[in-house]
Amino acid sequence: MKNKQLIFISFMALATLLLLEGYLLQNTYKLKTELYRRNTVKSVFQVYNLPFADSIYWEYRNDLKNHLKDYISNKISKEELQYKFEINNLKLNPTYLSFFSNEISKLTDTELEIKVSVNELVLSNNSNEKDTLFSENNQVFTILGHTFNDADGILINTSNWTEYLKSDKLYPQFNLKTNIIIKIPELYNDVLTEIIWLFVISLIIFLIVVVLFYYSVSNLLKQKKNSDIKTDFINNITHEFNTPLSTIQISTKMLLNEQVLHNPDSIKSTVEVIDRQNIRLQKLLDRVIERSLSKDGEIILQIQNVKLSDYFNKVINDFELTIDDKGIVIINSIKDIEKQLKIDPFYFSIVIVNLLNNAVKFKGNMIVIDFKQSNGNDLIEISDNGIGIPKREHKLIFKQFYRVSENGKHNYKGLGLGLYYSEQIVKLHKGSISVANNKNGGVSFTISLPKK
Ligand code: ADP
């Protein structure tokens, strides 16, 4: 499975876990609230049904009956009747409230309020004519209990009480609809307190999983990066061994040439080339050892001040030996430029030799190496008159293993690593590398280095 898929699946699993945990917690919260509510309601009914409470309701009922009788015999008006109800409440409520809080505290620690309220009181006579004294449309009034807004409470019971006003069961009769509403001010807080530990533990476990997930993924990516860097390095270094080896091979062949053998200057310069390539091989080997020992396999540059012209003279000179008999012209315009460059000469020469090798490989027979300055940057330009690169491929050729193909076929040997590695090295120098088409065919590669 690819890394991206693995990360995606792990991430989705984590998100599902979070959703599931959230869902379970929410359900637990709902169930706990329901259970808490049920237990509280049970306790309220226990108190509500106690004989003493019943006696108060009876007293209230009798008073109510008497007032209603006064009302139907026109002794008191409707307004006076309503006023009497209020008086009733004032008379009985203090006893009821203290009884209620006393009894309820024996059953539960929950802080509670109760309200028994009227939402309809209707009188009807023999011919079934109705006189509505209170209705839901009127203001609901409290018979007994606390005063609070209905919307803040829970309706736990509705009762309908019908009774004749006269003992002979003759009309008029009255019908009283009452509601019992309770208010648990701390309901949500109490439930939350009960399940908070569950929430905290779930959160801790989730965080542990997230941290583990993060470490696993970052370790995986680090390992992948390290192994990529190492593979890259092995690929590139193998590539880099070719140039000095073939230069030495050509130079030793030259030493066997009769003309060279009789010319001490030629012998000297050829031996110098062999010596330089030997040093280069030694350095390559050192870098292999150094990289295999380094922890994360990163390239560490050893930046030096080098004289531009000397440096390029040597690199191009050595390169020329490898293409000796191919009739290729190299115009080195850097030859006489007095300028210092801050580079890692070893790694930088890998970039230059890569570009020169490509110029030759892709059919260039005239290569121009130039130096310019623009916007405070040092520009090194290597142009050829080879087969060129279609514009749409310009960005792609710096990608690892990318090679331009024609009708799906690769006509030139290669691994597609040279430019990728070259760009990495230039970037380590805080520079950039780009490519452009030449007017008369071929391409120009430009390395831009910030002026130090
Ligand atoms: P390689 O040369 O090993 O294939 P590179 O990374 O050096 O890999 O180059 C990638 C591709 O870019 C090459 O395969 C080639 O198609 C194209 N390319 C690079 N340099 C040139 C050039 N000077 N002229 C034409 N095509 C080039």
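Start at 1 and go down the list; that is how both ligands and their atoms are numbered.
Distances below 4.0 Å separate heavy atoms of Phe445 from the following atoms of ligand 1: 20 (N), 23 (N). Those atoms of ligand 1 with a heavy atom of Leu417 less than 4.0 angstrom away are 6 (O), 8 (O). Atoms of ligand 1 found under 4.0 Å from any heavy atom of Val443, numbered from 1 in the order shown, are 22 (C), 23 (N), 24 (N).
Of all non-hydrogen atoms in Asp378 and Gln373, the two that sit nearest each other are OD1-NE2, 2.9 Å. Annotation for Pro94 and Leu90: closest pair CD-O, 3.2 Å, computed over non-hydrogen atoms.
Looking at atom 7 (O) of ligand 1, its nearest protein heavy atom turns out to be Asn358 ND2, 2.8 Å. Closest to atom 12 (O) of ligand 1 among all protein heavy atoms lies Ile397 CG2, 3.3 Å. Remark: minimum distance from atom 10 (C) of ligand 1 to any protein heavy atom is reached at Tyr402 O, 3.3 Å. In this structure, the protein non-hydrogen atom closest to atom 15 (C) of ligand 1 is Phe362 CZ, 3.3 Å. Scanning the protein for heavy atoms near atom 23 (N) of ligand 1, the closest one is Asp384 OD2, 2.9 Å. Looking only at heavy atoms of the protein, atom 6 (O) of ligand 1 is closest to Leu419 N, 2.8 Å. In terms of protein heavy-atom proximity, atom 8 (O) of ligand 1 is closest to Gly416 CA, 3.2 Å.
Between Arg37 and Glu34 there is a salt bridge, with a side-chain nitrogen of the basic residue lying less than 4.0 Å from a carboxylate oxygen of the acidic one.
Because its NZ or CZ atom is not both nearer than 6.0 Å to the ring centre of Phe371 and within 45° of the ring axis, Lys339 does not count as a cation-pi partner of that residue.
For Asn354, the heavy-atom gap to ligand 1 stays at 4.0 angstrom or more. Using a 4.0 angstrom heavy-atom cutoff, Lys361 counts as in contact with ligand 1.
Environment of NZ in Lys314: sparse, with no more than 12 heavy atoms of neighbouring residues, nucleotides or ligands closer than 6.0 Å. Within a 6.0 Å sphere centred on OH of Tyr214, other residues, nucleotides and ligands contribute 12 heavy atoms or fewer.
Relative orientation of the Tyr57 and Tyr96 rings is tilted, given thresholds of 30° and 60° on the angle between their planes.
Looking at Gln400, Arg403, Lys363, Glu423, it is Arg403 that brings a heavy atom closest to atom 4 (O) of ligand 1.
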Handout entry: Audit row: Glu406, Lys409, salt bridge (Lys or Arg N to Asp or Glu O under 4.0 Å) steps and yes/no
Key = CA-CA 5 Å; Glu406 236 177 280; Lys409 268 174 70 186; over 6 Å; no
Exercise for the section: Would you check, one step at a time, whether the test salt bridge (Lys or Arg N to Asp or Glu O under 4.0 Å) holds for Lys115 with Asp150? Expected result: CA-CA 9 Å; Lys115 176 164 101 169; Asp150 282 9; 2.4 Å; yes
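By the criterion of a heavy-atom distance under 4.0 Å, the side chain of Ile389, and not its backbone, is placed next to ligand 1.
Taking any N or O of Gly418, backbone or side chain, at least one lies under 3.5 Å from an N or O belonging to ligand 1.
At a cut-off of 3.5 Å, with distance as the only test, no side-chain donor of Glu86 or Asn89 sits close to an acceptor on the other residue.
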